[in-house]
Amino acid sequence: MRRTVFNEDHEAFRETLRAFIEAEVVPVYDDWFAAGQAPRAFYHQLAELGLFGINVPEEYGGAGLDSHKFEAVQYEETARAGVTFGGSGVHVLLALPYIKSLATEEQKKRYLPKFVSAEEMWAIAMTEPGTGSDLAGMKTTAKLSEDGTHYVLNGSKTFITGGVHADRVIVCARTAPATPEDRRHGISLLAVDTRSPGYSIGRKLDKLGLRTSDTAELAFVDVKVPVEDLLGEENKGFSYLGANLPSERWGIAFGAYAQAKAAVRFAKRYVQERTVFGQPVAHFQNTKFELAACQAEVDAAEAVADRALEALDAGELTAAEAASAKLFCTEVAHRVIDRCLQLHGGYGYMNEYPIARLYADNRVNRIYGGTSEIMKSIIAKDMGL
């Protein structure tokens, strides 16, 4: 089926990105995998390539575009090569929308040039050891000082992607108690400088998948955060988080679709090269049927992901539509990648094969950004159920 979501500019970007991945990432990816993270210097390479400034206004050093389609190309090309770009995704897809929509002019002048150049890498810290999807239950606090010049931040966060390399972290914290009428009241967003006294990085977490993406525990003990680093209005953080969730969930949906597409590519190549009982595995009817079924599912996921992308760029992607896209694409990817691994036989279980890493990387898609169960609840509510 002919796609209409990308134009010549996107395809030219694809060619440049594919060449970069083949030259700069694939040869060293095994080293990153063993180390459990991409090196910090790699993010400067991405900055030089222009990836961090695509959606940043020109006055702050960016390209001034307002589209997620270049991010979509990145999802497809990294999946195609069986690699990831470490924790850079959270820098652009998650952190940037908050800066663009909430930062004052003074903050944008301070934050964005360093964001574009990778001088400052960003992450966002929502989840706590005792709270997952229930963000209203967070315990981290930020109390305004008596002289009103800074907040005093105390608490901890976990599962923070990009947390090891981050120079600034958007920390969600309670600046006021919840009320009986509204548990979500009192949450604020602070752009915390990770070099601040009292800020510490705990364990770099040992994950099942996404091995090259650093994920950490963070702790705050009397961290002083200048009031100039409050993003948006005090106590309105929960509404800001909700406003940005559709774009985050689109990213997970599109990434999952791209992984499923890559899995079919890996499996097709493997079964054409692997010989069993004197003939290529691809010649068996079961192989043909399995891959044909997987391709049909990928085609459907591509259509859903593309439709969500167009709606997101138009500013029309609703929370329920994003939830539906995430639910569908992540469930398709789960089924497709599992079946493609099966076609690899025992070799599919070996990390030297891209399908094994893809299998592990994909599993978290049905958890982070809201579990599949949460997605179903959002969709059901939108249906009036």
Side-chain angles (χ1 to χ4, degrees), residues 90 94-95 97-99 101-104 107 122-161 163 168-194 196 198-200 202 216-249 318-320 322-323 367-382 385:
V90 71
L94 299 191
Y98 289 98
I99 303 172
S101 63
L102 301 177
T104 64
Q107 288 175 323
W122 286 63
I124 185 165
M126 292 185 257
T127 305
E128 296 182 1
T131 60
S133 298
D134 182 21
L135 293 177
M138 69 177 61
K139 304 297 183 184
T140 297
T141 61
K143 297 182 179 179
L144 190 63
S145 62
E146 291 185 3
D147 60 7
T149 61
H150 62 272
Y151 293 93
V152 180
L153 180 66
N154 283 282
S156 62
K157 299 289 182 178
T158 193
F159 305 146
I160 308 308
T161 303
R168 278 197 183 268
V169 176
I170 300 173
V171 177
C172 308
R174 283 209 164 276
T175 46
T179 65
E181 297 79 19
D182 186 5
R183 293 178 63 244
R184 302 172 178 179
H185 172 76
I187 295 173
S188 299
L189 308 184
L190 302 171
V192 180
D193 187 333
T194 63
S196 303
Y199 181 105
S200 63
E217 295 174 331
L218 306 179
F220 323 112
V221 179
D222 294 334
V223 178
K224 293 182 178 180
V225 184
V227 293
E228 291 81 9
D229 287 326
L230 172 70
L231 282 175
E233 295 184 42
E234 194 178 76
N235 300 329
K236 293 188 176 181
F238 199 95
S239 63
Y240 300 145
L241 295 173
N244 281 302
L245 279 175
S247 64
E248 178 183 351
R249 288 168 178 164
T318 67
I367 298 173
Y368 68 1
T371 63
S372 291
E373 291 72 26
I374 294 294
M375 297 305 100
K376 292 174 183 177
S377 295
I378 293 170
I379 298 165
K381 184 177 179 180
D382 186 67
L385 300 175

CA sep, side-chain torsions, deciding dist, call: Leu241, Leu189, side chain to side chain contact (heavy atoms under 4.5 Å, CB included): CA-CA 9 Å; Leu241 295 173; Leu189 308 184; 4.2 Å; yes
Tyr199 atom OH, neighbour heavy-atom count above 12 within 6.0 Å: yes
Check: Trp122 and Ile99 side chains under 4.5 Å, non-hydrogen atoms: yes
Residue list, side-chain hydrogen bond (donor to acceptor under 3.5 Å, both in side chains) with Asn235, at least two apart or on another chain: Thr175
Worked verdict on Ile170 versus Leu94 for side chain to side chain contact (heavy atoms under 4.5 Å, CB included): CA-CA 10 Å; Ile170 300 173; Leu94 299 191; over 6 Å; no
Asp193: salt bridge (charged side-chain N to carboxylate O under 4.0 Å, His left out) partners, not counting sequence neighbours: Arg195
Residues in salt bridge (charged side-chain N to carboxylate O under 4.0 Å, His left out) contact with Glu373, at least two apart in sequence or another chain: none
Non-hydrogen side-chain atoms of Asn154 and Phe220 separated by less than 4.5 Å: no
Check: Arg168 side chain, Ala191 main-chain N or O, donor-acceptor pair, under 3.5 Å: yes
Any residue meeting salt bridge (charged side-chain N to carboxylate O under 4.0 Å, His left out) with Arg184, in chain and number order, not counting sequence neighbours: none
Beyond-backbone contact of Val192 with Asp229, side-chain heavy atoms, under 4.5 angstrom: no
With sequence neighbours excluded, residues passing salt bridge (charged side-chain N to carboxylate O under 4.0 Å, His left out) with Glu234: none
4.5 Å side-chain heavy-atom contact, Val221 and Ser200: no
Any Asp147 side-chain heavy atom under 4.5 Å of His150 side chain: yes
Gap between atom CG of Leu231 and atom OH of Tyr98 - 0.5 Å precision: 10.0 Å
Spacing of Lys236 atom NZ and His185 atom NE2 [to the nearest 0.5 Å]: 10.5 Å
Any residue meeting side-chain hydrogen bond (donor to acceptor under 3.5 Å, both in side chains) with Ser372, in chain and number order, not counting sequence neighbours: Glu331
Close side-chain approach of Cys172 and Lys157, heavy atoms under 4.5 Å: yes
